[in-house]
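Below: the structure, in structure tokens.
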Amino acid sequence: MSDCIFCKIIKGEIPCFKVYEDDSVLAFADINPISKGHILIIPKRHIENMWEATEEELVTVMRTAKKLIHAIKDAINPEGVAVLQLNGKAVNQVVMHYHFHLIPRSEGEGKLSMTEWELIPGNMEEIKQTVGKITAAIK
Ligand code: AMP
Ligand code: ZN
């Protein structure tokens, strides 16, 4: 897609700090890192989100995540790595080209605020109804 910043990175029209590349994916450093070693993995085909992705694309991205999480562990030995993927503007997806975040957290960096939420018990009847709708919609 011509005005997509990640497609431009794939085409080499704008630079990136490349971490890994094969025929179907590219991984590169996030230039606004939440922590040291923050990496993005993207499929080379322009798709916006998980709804548009093929199963094969998802498998390829996840296979790359597995490869890189080992490399991150060996290279910077973080205490943990958040694997994060946002679908849609309502959940703060900013770049509308499907991407996977690998966000290591090392000693002294503190917890990731986005991974902490208050546990407030839900309405069990509402949960049951919603689960019923979702399970009925599974294809
Ligand atoms: P989001 O769409 O909210 O999941 O996040 C988009 C991410 O892309 C942000 O963390 C940005 O810092 C990152 N980003 C945007 N432009 C670039 C770029 N040119 N190179 C590397 N990372 C980028
Ligand atoms: Zn794109």
Side-chain angles (χ1 to χ4, degrees):
M1 202 191 189
S2 59
D3 60 349
C4 168
I5 192 156
F6 287 177
C7 283
K8 286 182 179 165
I9 289 177
I10 291 164
K11 286 189 240 154
E13 290 171 7
I14 60 172
C16 74
F17 295 102
K18 192 197 293 184
V19 175
Y20 175 80
E21 181 173 21
D22 64 23
D23 287 347
S24 47
V25 299
L26 176 67
F28 53 97
D30 195 306
I31 51 166
N32 305 292
I34 300 174
S35 50
K36 190 166 88 175
H38 183 171
I39 287 166
L40 302 174
I41 305 170
I42 63 174
K44 287 193 169 171
R45 186 171 75 99
H46 179 89
I47 46 171
E48 281 200 0
N49 51 45
M50 193 179 274
W51 291 291
E52 293 180 3
T54 64
E55 287 187 5
E56 182 54 34
E57 279 165 335
L58 297 178
V59 167
T60 308
V61 168
M62 190 56 90
R63 195 185 292 127
T64 307
K66 167 88 174 144
K67 191 187 283 289
L68 296 185
I69 205 171
H70 283 290
I72 288 169
K73 181 98 180 132
D74 291 347
I76 58 179
N77 195 28
E79 291 178 302
V81 180
V83 177
L84 184 72
Q85 198 272 305
L86 307 173
N87 296 282
K89 291 184 174 148
V91 291
N92 277 339
Q93 182 179 2
V94 173
V95 177
M96 304 312 284
H97 181 130
Y98 181 90
H99 55 279
F100 229 73
H101 294 263
L102 297 182
I103 308 170
R105 269 328 239 192
S106 297
E107 207 180 330
E109 288 183 320
K111 287 198 175 148
L112 266 184
S113 60
M114 72 182 75
T115 61
E116 288 185 296
W117 55 82
E118 203 182 340
L119 297 181
I120 302 170
N123 177 321
M124 297 304 143
E125 191 49 41
E126 196 183 315
I127 292 171
K128 187 176 160 195
Q129 279 183 17
T130 306
V131 167
K133 281 187 193 170
I134 295 170
T135 50
I138 293 174
K139 293 181 182 94

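It should be emphasised that the depicted structure is a prediction, and the values quoted were computed from it without experimental measurement. Atoms within a ligand are numbered from 1 in the order they appear, just like the ligands themselves.
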ask   = Considering only heavy atoms from C-beta outward, does the side chain of Glu57 approach that of Glu52 to under 4.5 Å?
value = no
query = Is Ile39 linked to Ile14 within one hydrophobic cluster, defined over Ile, Leu, Val, Met, Phe, Trp and Tyr using a side-chain heavy-atom separation of less than 4.5 Å?
reply = no
inquiry  = Any heavy-atom pair between the side chains of Thr54 and Arg45 that's under 4.5 Å?
reply    = yes
task = Pull up every protein N/O/S atom sitting under 2.8 Å from the Zn ion (ligand 2), skipping waters.
result = Cys4 SG, Cys7 SG, His46 ND1, His97 ND1
key: Side chain to side chain, Met124 and Lys128, heavy atoms closer than 4.5 Å   = no
ask   = Is there a path from Tyr98 to Leu84 through hydrophobic residues (I, L, V, M, F, W, Y) whose side chains come within less than 4.5 Å of each other?
value = no
key: Under 4.0 Å from ligand 1, counting heavy atoms only: the protein residues, by chain and number   = Ile5, Phe6, Ile9, Phe28, Ala29, Asp30, Ile31, Asn32, Leu40, Leu86, Asn92, Gln93, Val94, Val95, His99, His101
ask   = Does His97 have its ring centroid less than 6.0 Å away from the ring centroid of His99?
value = no
task = Report yes or no: do Ile10 and Phe28 belong to one cluster of Ile/Leu/Val/Met/Phe/Trp/Tyr joined by side chain heavy-atom distances under 4.5 Å?
result = yes
ask   = Going by heavy atoms in the side chains, are Thr115 and Arg105 under 4.5 Å from each other?
value = no
query = Gln93 side chain to Glu48 main-chain N or O, any donor-acceptor pair under 3.5 Å?
reply = yes
